[in-house]
Each structure stands twice: as structure tokens, then as C-alpha cells.
Amino acid sequence: MAEEDRSKDVLPTSEVYHPGIGSYQQVYRESLESPEDFWSKQAGILDWHKRWDKVLDDSNPPFYRWFVNGKLNASYNALDRHLLHGRRNKAAYIWIAENGDEKIVTYDGLYRRVNNFARALIDLGMKKGDRVIIYLPMILEAPVAMLAAARLGIVFSFVFAGFGAGALAERINDSGAKMVITADGAFRNGKVVELKKIVDEALESTSTVTTVVVVKRTGTDVQMDEERDIWWHDVMKDSSTYVEPEWMDSNDPLYILYTSGTTGKPKGAVHGNGGYSVWVANTLRWAFDPREDDRWWCAADIGWVTGHSYIVFAPLFLGLTSIMYEGSITYPAPDRLWEIIDRYRVNLLYTSPTAIRTLMRFGEKYPKMHDLSSLRVLGTVGEPINPAAWKWYYEHIGHSNCPIIDTYWQTETGGFMIAPPLALGLPPLKPGSATFPMPGVDPVILDEHGKELKAEEKGYIAYRRPWPGMFLTLNNDPERFKKVYFEKYPGKYFCGDYAIRDSDGYYWLLGRADEVLNVAGHRLGTIEVEDALISSKEVAESAVFGKPDPVKGEVIVAFVVLKEQYQDEPDIVAKLRKRIREDLGPIYVPEEIHIVKTLPKTRSGKIMRRVVKAVALNQLPGDISTLENSASVDEVKAAIEIFSKETRKK
Ligand code: PRX
């Protein structure tokens with residue numbers, strides 16, 4: 001969201017929903033003034049096998065450790081304890097297939113499946129501390145696999161099923177996984193994505209995987225390697241088995257989730273068992289105030305952190321009923337989301353600004369076809385929400401009755417950092433502002449040199465103290481963990497976003513301050529696309545950047561210089577697109593690829609991506625005194641002009 005998009009409106013929300021901002025302020029103050037007592041109380045949201053000795057060990061910053069020596073198990077907290085407390089026959093998930101088929105799994109049913117799969121993992125030789133890659137679509141086997149791994153202390157790393165073979169191989173190699181859990185295929189917009197084939201290709205450039213478990217979902221023909229591959233249904237034979245949960249140390253890793261950065265390969269954020277679990281359960285409760293018989297729908301993909309925290313762990317810890325939908329929100333028709341809300345009487349909906357803007361484009365006709373009166377709370381995540389989309393969501397979906405919970409957070413933070421605290425005391429909402437920090441979160445807005453900025457001044461948002469959901473480290477790279485997040489402002493966590501705190505204390509998140517892209521709420525690295533382009537034999541150089549887009553927030557644009565011998569290569573743009581799709585996945589495919597003869601460079605030969613972007617977007621390029629080849633700027637301009645003319649013609 002551009003700074004000038006900040007809305008001046010203040011919408012008071014219905015009194016029914018909140019005890020008033022004063023009570024939030026009291027809880028917030030307590031969280032900062034007496035963190036030991038505060039977090040001791042909040043950790044009681046989970047069942048602990050052994051109580052912690054100390055709430056926070058901050059003796060070795062930035063490796064903060066929460067609930068030191070506490071022991072617990074995430075799958076026990078998500079399942080076993082509910083069976084003892086009256087939720088045995090409650091639906092954990094109402095799963096809806098892309099073709100509309102439905103499956104309901106109760107807490108007891110999920111518990112049995114998880115135990116059964118945990119037994120299978122043991123039989124297949126997996127043990128505590130091993131790594132497993134989960135590469136599955138939105139099917140029930142996904143939470144089953146995650147919870148079975150968590151039950152045994154096997155560290156899972158979920159790879160979004162939209163990623164390509166190169167991205168998958170990289171994650172297998174970095175995590176050192178022994179096993180991959182996948183499906184024959186995934187349904188997407190009525191078509192089949194052949195997942196097992198992608199796994200086979202990825203495994204050609206990896207050496208650690210000895211077992212691949214394959215769920216039959218689409219019935220697609222697959223090659224099964226007799227030594228290595230086994231069907232899920234063949235290992236799920238004993239539905240009455242019980243597997244004792246491993247009592248994990250609070251700071252043992254629970255999962256690794258890879259996320260893009262500004263340099264190098266994606267970073268493996270490692271989340272722990274105790275702090276993370278306390279954080280996700282409490283933040284969901286504080287921000288959305290879910291009730292026992294609500295139907296909660298987090299319409300994200302399980303492969304991103306939103307799915308991990310708010311489709312799997314938090315709602316199961318709280319014993320809620322979740323909707324889980326396999327397909328795309330516009331398939332088979334643009335009323336899909338509204339139809340599901342109507343049919344299943346969904347109470348809480350949590351989606352992304354891109355989804356809202358996409359559906360908004362289809363008009364009010366579609367939501368009007370359905371009864372949305374079951375909705376009580378609406379949420380968004382993943383990118384700044386522009387006031388126009390916020391208001392459309394508020395008026396046409398929530399009928400001006402549902403507060404909009406704009407949750408600002410990151411893969412690394414584990415759960416919400418800044419979000420309207422509905423359960424604690426909701427402030428009047430301002431469209432486009434995520435409002436106030438969650439308890440325990442201590443944000444500050446700083447300038448480049450670390451000076452604290454005043455209200456209304458735009459700067460970098462950082463956090464002055466650790467919070468329980470904070471990731472433990474980066475897999476295989478504690479030095480990078482220190483450097484990326486803690487070097488810019490010593491003693492503070494730097495997260496890479498711009499923000500403003502207005503004179504009423506509301507936070508406005510203004511997007512990335514670095515070269516990380518946010519496409520449709522997905523965090524992608526320019527560097528990954530550049531690497532994929534450069535590893536194509538035809539490409540000599542490339543510069544990739546994000547261009548503002550009214551629906552997706554940003555789209556990817558690439559400028560490419562071809563090697564001499566490939567200057568006349570036919571269909572080169574189509575070939576490059578195909579290669580990126582196969583290597584990284586469809587979301588990485590640039591919207592525009594421009595072939596040019598040279599790119600702006602510094603005297604030392606470094607491509608000036610900033611200049612390419614500024615010229616292409618028709619913004620002033622700033623300081624270009626170090627630019628070596630000024631003719632390249634004209635080339636970028638010319639390429640954009642030709643492109644605009646061609647687009648207009650179409
Ligand atoms: O730039 C911020 C943006 O998404 C980034 C985090 O991306 P990722 O780790 O993939 O996690 C996405 C889901 C939590 C942030 O650095 N972002 C996320 N939520 C918001 C947001 N920007 C503005 N408002 C939000 N509500």
C-alpha cells in the first residue's frame with residue numbers, strides 16, 4: 001500500500017464485539033511490564049508434560065529460548081487432550097474437494113489417522129530429529145502428516161505444492177530430509193498437477209531421500225520405484241494403533257519453513273515446539289475471538305506459514321472446527337468462496353487482500369447470490385490491504401457487521417504481530433491499518449541509522465524484545481540468522497518492512513523495504529528468479545523486480561540479456577517462462593520478460609536493478625552517477641515502450 005493510500009476514515013465497530021480498547025491496553029501493558037507472570041499464565045492454554053523452569057532465557061541473544069526445559073507435544077495438544085475433554089465427536093475439519101465432495105473428520109478420526117501414520121513413520125525407520133519433506137496439496141493427509149511428524153519429534157518441512165522441481169530439490173538438500181510425503185497429483189482449476197513426477201525429477205539432484213510415501217488423490221499414472229516409493233494407503237493399515245507422543249523440549253524444532261530473502265537461497269526458518277505453540281494459540285484467540293461451535297475458515301494454502309499456524313496448529317490447539325478447501329476460490333465459478341460460506345455457515349473467514357481484490361473485480365453479484373449472514377468476523381493476511389478493498393470486504397461481505405482483522409506478521413514471527421485484538425478490546429478500525437501490537441510485541445519505527453521516528457514518520461519497523469512465536473534460527477545457518485535479522489539494529493529484530501505509526505498509535509504497514517517481492521501475498525525473492533534465468537543456457541544477465549499491480553499487489557518483471565550465440569533464438573520468452581515454471585513454480589513466472597542488449601551497470605560490473613526498475617516504472621532513477629553504460633537506460637525505456645504499444649494493441 002502506498003503511503004498516500006492511508007485512509008482517513010475511522011469505522012466504529014459494533015459494541016457487541018468488544019469490551020473496549022481500555023481492556024486491551026491493560027493486558028498489553030501487563031504483557032510488557034510483567035512478562036514472566038504474563039507468559040506463565042498464557043502458556044496454560046496448552047497442556048505441558050513438564051512445566052518450564054524459566055519463561056525466557058535471554059542470556060545468548062539473539063538465540064532467545066522460551067519456556068526453558070518445559071516439555072510438551074504439539075500433536076497431543078492438538079488431539080489427545082480434546083478426546084478427554086468432550087470434543088471426541090466434534091468435527092476437526094470439514095474438507096471440501098474442488099469438485100464439491102465433502103469429508104468430515106472428527107477429533108477422534110484425526111487422532112486415529114495421526115496415530116496410524118505415526119506408526120507407519122516408525123515402521124519406515126523414521127525417528128526423532130529426522131527430517132521429512134511434505135509436498136502435498138490441500139488434502140486431509142497434509143495435517144495428518146504434519147501432526148504425525150510432530151508426535152514423534154520428526155522435523156517436517158512443508159513445501160508448497162505449487163513449487164517446481166528445482167525449488168523442491170533445494171529444500172530437500174538444505175533440510176537433509178530422509179523422506180518425502182507427496183501425492184500422485186493435485187487438482188487445480190479442474191486440471192491435474194502431476195506432483196509425483198515433480199518429486200521424481202527433484203530427487204535426481206538430491207541424495208538423502210530413501211523413502212517416498214505417495215497419497216493417491218487424482219488417480220494419475222505414476223512411476224513407483226520399488227525400492228523407494230510406497231503408497232500411503234498401504235502403510236495406513238492399523239486404525240486402532242496408539243503411538244506414545246515424544247515429550248519434546250520446548251526449544252526442540254517442530255518444523256522448518258523456507259522463505260525468500262534478498263540474497264542467496266531461501267532461508268529455512270526453524271520454529272520450536274513450546275513458544276511457537278503458545279503464540280499461535282493465543283494470537284488466534286486474541287485477534288479473532290473464536291467460540292466453541294464456530295466454523296473457522298483460513299482460506300490460505302497449508303504450504304505457507306498461514307496454513308501451518310492457522311489451518312493446522314492454532315485451530316486444533318483451540319479445539320475448533322475448520323473448513324479446509326482443496327481448490328481455487330474462483331473455480332468452478334467466482335462465487336465459490338461465498339457458496340462455501342453459505343453452505344457450511346462459516347462464522348470466521350480469513351483470507352488475503354489479493355483474494356478480496358480478485359473477487360471484488362467480479363462484482364457484488366456473486367456474494368449477493370448467497371446468504372453470508374453466518375459471518376461474524378473477517379480477516380486478512382499477507383500483504384497490505386488498500387482501503388478500497390477493505391471497505392468492499394466490510395460492506396459487501398460483512399454487511400458492515402463484521403470487524404476486519406488485518407493481521408500483520410511473517411513466516412519468521414510464527415503468528416500475528418500486529419492485529420486488531422478483538423477478544424481483548426477492539427479499537428475503532430481504520431481501513432488499511434492493522435491497528436495495534438499483540439500482547440508482548442514491542443514495535444518501534446526507526447530511520448536508517450536506528451533513530452526512533454516520531455508519529456506519522458515513515459521508517460523501518462523493528463521489535464525491541466523477543467516474543468514466544470519467534471523462530472529459533474535459520475536451518476544450517478545461525479550466522480545468517482544473526483546477520484539478516486539482528487545486525488541492522490543491534491538488540492532488535494529487523495523484519496524488512498516499512499511502516500508508520502499514526503498520531504493515534506495505529507500501525508500502518510507499507511510493504512517491503514528490500515528487494516523481496518510480494519506477489520498475491522506470496523513472498524518471493526527477485527534473486528531466485530534471476531538465478532533461474534541465469535541458469536538457462538541462453539541467458540547472460542538478468543534483472544528482476546516487482547511492478548505494482550492493482551489485484552496482486554505486485555507482479556514480476558524481468559529484463560534479460562541473451563548470450564551472443566542465442567540472440568536469434570526463436571520463442572525465447574516462452575521458453576524462459578516454461579523453464580521458470582518447471583524449476584520454481586507457476587507463481588514465479590514473470591508477467592513481463594523483456595529481452596535487451598545491455599543492462600545498466602556500475603563501473604565494477606554490478607547490474608543496477610534499482611535503475612532498471614525506476615526507468616521501467618517511469619520513476620526518476622535517483623543517483624546514477626556510478627552508471628557505466630547510460631545507453632542501457634534508453635534500451636530499457638525502448639523495451640517498455642514497445643511492450644506498452646503491443647499491450648494496447650491487444
Ligand atoms: O511485507 C510483509 C507482508 O508479508 C511479509 C511476510 O511474508 P511471509 O513470511 O510469506 O508471511 C505471509 C503471511 C504472514 C511481511 O514482511 N505482510 C504480511 N501480512 C501483512 C503484510 N503487509 C501488510 N499487512 C499485512 N497484514
Side-chain angles (χ1 to χ4, degrees), residues 17 27 39 41-48 67 72-95 104-111 114 140 142-144 146-147 150-151 245 254-255 271 273-300 302 305-324 344-350 374-379 381 403 405 407 409 413-416 419-424 438-440 467-469:
Y17 292 115
V27 175
W39 288 115
K41 257 190 283 167
Q42 307 308 322
I45 202 164
L46 300 174
D47 287 358
W48 292 77
F67 307 109
L72 78 172
N73 182 281
S75 100
Y76 178 89
N77 275 287
L79 302 168
D80 306 40
R81 65 175 182 151
H82 298 310
L83 307 193
L84 306 171
H85 298 123
R87 295 191 179 117
R88 185 167 160 246
N89 292 319
K90 180 175 179 177
Y93 289 109
I94 300 174
W95 177 81
I104 297 179
V105 58
T106 60
Y107 272 88
D108 184 61
L110 194 62
Y111 166 83
V114 168
L140 286 168
V144 171
M146 293 159 91
L147 292 166
R151 193 166 191 86
L254 173 64
Y255 68 78
H271 278 292
N273 277 269
Y276 171 82
S277 299
V278 168
W279 189 244
V280 296
N282 278 299
T283 49
L284 180 58
R285 188 168 64 89
W286 288 330
F288 282 89
D289 195 17
R291 298 174 191 167
E292 184 66 45
D293 60 353
D294 272 343
R295 288 182 176 177
W296 158 254
W297 185 10
C298 168
I302 205 161
V305 73
T306 307
H308 285 51
S309 297
Y310 299 107
I311 297 177
V312 182
F313 291 108
L316 294 176
F317 290 154
L318 299 184
L320 298 177
T321 297
S322 285
I323 303 288
M324 186 174 162
Y344 293 94
R345 311 308 296 145
V346 173
N347 307 102
L348 314 170
L349 172 69
Y350 184 40
S374 57
L375 288 172
R376 196 178 72 247
V377 187
L378 300 172
V381 58
I405 306 298
T407 64
W409 57 297
T413 70
F416 314 149
L422 180 59
L424 302 175
M438 290 275 100
W467 62 97

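Atom set for the values below is all heavy atoms of this structure, side chains included, hydrogens, waters and symmetry mates excluded. The chain is numbered in sequence order, starting from 1.
Y350 and T306 are not linked by any side-chain donor-acceptor pair at a separation below 3.5 angstrom, with hydrogens and angles left out of the test. Side-chain atoms of Y310 and S322 include no donor-acceptor pair closer than 3.5 Å.
The minimum heavy-atom distance linking V280 with G414 is given by the pair CG1-O, 3.4 Å. Residues F67 and P468 share a closest heavy-atom pair of CE1-CB, 4.3 Å. Here the closest non-hydrogen pair linking P403 and R376 is CD-O, 3.4 Å. Shortest non-hydrogen contact noted between L348 and P290 is CD1-CB, 3.8 Å. Heavy-atom minimum distance, G440 versus W39: CA-CZ2, 4.0 Å. What you find for A91 and I104 is that their closest heavy atoms are CB-CG2, 3.7 Å.
Taking NE2 of H308 as the reference point, atom NE2 of H271 lies at 9.0 Å (rounded to 0.5 Å). Q42 contributes atom CD, which lies 5.5 Å from atom CZ of R285 (distance to the nearest 0.5 angstrom). Atoms CZ and OG1, on R88 and T106 in that order, are 8.0 Å from each other to the nearest 0.5 Å. Put simply, CE on M146 and CG on L254 are 8.5 Å apart, with the number rounded to the nearest 0.5 Å. Going from atom CZ of R87 over to atom OH of Y107 covers 7.0 Å, rounded to the nearest 0.5 Å. For the atom pair CD1 (I323) and SG (C298), the distance works out to 12.0 Å, reported to the nearest 0.5 Å.
Between V278 and F317, every side-chain heavy-atom pair lies at or beyond the 4.5 Å cut-off. Looking only at side-chain heavy atoms (C-beta outward), L284 and W296 come within less than 4.5 Å of each other. For the pair D294 and V377, the minimum side-chain heavy-atom distance is 4.5 Å or more. A heavy-atom distance below 4.5 Å is not found between the side chains of L147 and Y111. Here the side chains of S277 and N77 are not in contact, with every heavy-atom distance at 4.5 Å or above. A 4.5 Å side-chain heavy-atom check between L140 and L110 finds every atom pair outside the cut-off. The shortest side-chain heavy-atom distance between F416 and I405 does not fall under the 4.5 Å cut-off. F313 places a side-chain heavy atom less than 4.5 Å from the side chain of Y255.
With sequence neighbours excluded, the residues forming a salt bridge (Lys or Arg N to Asp or Glu O under 4.0 Å) with D47 are R81, listed by chain and number. The side chain to side chain donor-acceptor pair (under 3.5 Å) search around S75 returns N73, R151, not counting sequence neighbours.
Formation of a donor-acceptor pair under 3.5 Å by the N347 side chain with backbone atoms of S374 is found in this model.
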